[in-house]
Structures are given as structure tokens and as C-alpha cells.
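Some notes on the structure that comes next.
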Amino acid sequence: AQSVAQPEDQVNVAEGNPLTVKCTYSVSGNPYLFWYVQYPNRGLQFLLKYITGDNLVKGSYGFEAEFNKSQTSFHLKKPSALVSDSALYFCAVRERGNTGFQKLVFGTGTRLLVSP
Amino acid sequence: SAVISQKPSRDICQRGTSLTIQCQVDSQVTMMFWYRQQPGQSLTLIATANQGSEATYESGFVIDKFPISRPNLTFSTLTVSNMSPEDSSIYLCGSIQYFGPGTRLLVL
């Protein structure tokens, strides 16, 4: 089964500094990887995905993620953090489950706290 | 991208009752997915709903507890039956990539 791991429960960063939220994956074959953000009392918003092609994927709100096959990682990055980026971030991988259907398998989530 | 809406956005229910959550997509999608997010937890897939066939449930979820309808390619419902406090969660519907805003359910 495919899986993703988010090793950090929380990441703290000062506004204006670069941020990284880590994700590692365990898949057989080529991974389809995703990042989502969840703001308080809001739904899950799609940020970006990697299917194939360039290892650096650009997404919404200035976020980008780097796919690294040798390190089996897909870290989320932003050059300059904003206080408004404070939220819960989920990494996910698409897999074909036992039911035969494609589905998303989510990591445990990382809370990002950006201080003024 | 698909725009997905859910009703209700939140509800407080009594133990033993049932709640039906509606999910509307602004475009036709082959598969719709229902996830549960328990407090402080990640998302877990409940079932996958294809139009015109019975939903396919993940391990640990059963049709009697979470009946799903999928009458067309833009709409689905999830019912949480015979609720208990352990069913207090956020329930999200989605396509393969996009999600609705979620339904926050509190069972007393």
C-alpha cells in the first residue's frame, strides 16, 4: 500500500522567513503526490500536485514542492512565510485501493504556525 | 477545477438519530469520495461512490451505518445512521482531487 509520512506535528517560522513542511512517501511505481491546506473551520484546499515532469512543482498562494526520488520526499516550501499561511497542511498520495478504485491516502498533517 | 458544496455545513444531533449530508459538484465527475476527519486526526476514506452502482466501502465502514446515494454525476448523499458521540467528526466529500468545505457533526 502507498503511504506518506509527515514527521513534524508542528512547524514554527517567523514571518518573512522561508518555510518547509516535510513529507516522505512510500510507493510502488510512480507516485502521484498532493499537498492540501486546511484553515480553521474551513474545508480542504488543493495546493499542488506532482504527477510527472519537472521535479519542482508550483502551486497556489506562492507555495511550491520539490519531488526528490532518491530521498523519496515531496517537501512543501515557500520562500517567504506570511502569518496568514498558518494552517494545517496535509500531504497525500493517490493509490489504487483494495476496492479497485483510485483514492487519496493522507499523512497525519503538520500544523504551520507563522509568527509576526 | 471543480467547485463542491455541502449541506449542512454543521449540525448538532442527538444520539440514535440519523443525518443526511448532501454533496453537489458543479461539473460531472465519475467518482465521488466521502472522507471522515475525526477531531485532531487526518482524513480517512469512508467510501467511493460511482453513479448507478452501489458505493464501495473501505475496511471498517459498512453500508448500514453509512448509506450513500449517487443518483447522478453531480450529486451524492451520505447518511450517518444511528449516531453515537464517536461519530462526531468532519465529513468531507470530494472528487479525486477537490473537496467540499466539510460538514461538522457533533453528536450529543
Side-chain angles (χ1 to χ4, degrees), chain A residues 1-10 21-25 31-52 57-61 65 87-113, chain B residues 1-11 21 23-25 29-51 53-63 68 70 76 89-106:
Chain A
Q2 326 279 45
S3 65
V4 289
Q6 295 181 245
E8 303 157 315
D9 290 336
Q10 182 163 314
V21 182
K22 295 180 180 178
C23 174
T24 58
Y25 64 88
Y32 288 9
L33 297 162
F34 300 76
W35 274 104
Y36 290 87
V37 59
Q38 187 175 39
Y39 296 100
N41 298 316
R42 300 277 293 277
L44 210 61
Q45 297 181 28
F46 170 78
L47 282 177
L48 51 83
K49 67 180 178 183
Y50 172 82
I51 303 295
T52 186
V57 180
K58 294 190 181 296
S60 306
Y61 312 122
L88 189 57
Y89 290 81
F90 290 99
C91 182
V93 63
R94 184 184 295 179
E95 74 158 4
R96 187 176 299 278
N98 294 333
T99 61
F101 293 111
Q102 298 275 352
K103 66 176 182 179
L104 289 175
V105 177
F106 286 85
T108 50
T110 298
R111 188 163 300 280
L112 174 66
L113 183 60
Chain B
S1 65
V3 177
I4 303 175
S5 59
Q6 288 184 232
K7 291 182 184 178
S9 59
R10 60 179 67 235
D11 207 341
I21 302 168
C23 180
Q24 180 77 52
V25 188
V29 294
T30 305
M31 291 185 292
M32 292 177 72
F33 301 83
W34 287 97
Y35 285 82
R36 182 175 72 181
Q37 185 180 20
Q38 295 178 298
Q41 304 287 318
S42 185
L43 286 83
T44 302
L45 181 65
I46 298 171
T48 303
N50 266 343
Q51 192 255 339
S53 63
E54 276 198 3
T56 304
Y57 289 82
E58 296 294 304
S59 177
F61 298 97
V62 295
I63 188 172
I68 288 172
R70 183 81 201 275
S76 178
S89 294
I90 300 173
Y91 292 86
L92 296 104
C93 71
S95 63
I96 191 58
Q97 182 168 309
Y98 298 100
F99 290 83
T103 295
R104 282 156 181 76
L105 172 61
L106 177 63

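Values reported hereafter were calculated over all heavy atoms of this structure, with side chains retained and with hydrogens, waters and symmetry mates removed. Chain identifiers are assigned alphabetically (A, B, ...) following the order of the sequence lines, protein sequences preceding nucleic acid strands; residue numbering begins at 1 within each chain. The model shown is predicted, which means the values in this text are computed figures rather than measured ones.
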Which heavy atom of B/Ser42 sits nearest a heavy atom of A/Thr108, and at what distance? CB-CA, 4.0 Å
For B/Leu92, is it the side chain, the backbone, both, or neither that has a heavy atom closer than 4.5 Å to a heavy atom of chain A? side chain
Side chain / backbone / both / neither for A/Arg111 at chain B, heavy atoms under 4.5 Å: neither
Say you draw a straight line from CD of B/Gln37 to CZ of A/Phe90; how long is it, rounded to the nearest 0.5 Å? 4.5 Å
Determine the option with the most heavy-atom pairs under 4.5 angstrom with chain B, choosing from A/Gly109, A/Gly107, A/Ala92. A/Gly107
Got A/Leu104 and B/Tyr35 here, is their nearest side-chain heavy-atom distance under 4.5 Å? yes
Applying side-chain hydrogen bond (donor to acceptor under 3.5 Å, both in side chains) as the test, list every pair that has at least one member in residues 89-102 of chain B; sequence neighbours left out. A/Lys49-B/Gln97
Between B/Ile4, B/Thr44, B/Leu43, the one whose heavy-atom pairs under 4.5 Å with chain A are most numerous: B/Leu43
Residues forming a side chain to side chain donor-acceptor pair (under 3.5 Å) with B/Trp34, sequence neighbours excluded: B/Ser76
Looking only at heavy atoms, what is the nearest atom pair of B/Ile96 and A/Tyr36, with distance? O-OH, 4.4 Å
Quick one: what part of A/Gln45 sits under 4.5 Å from any heavy atom of chain B, side chain, backbone, both or neither? neither
Just how far is it from atom NZ of A/Lys103 to atom OG1 of B/Thr56, taken to the nearest 0.5 Å? 11.5 Å
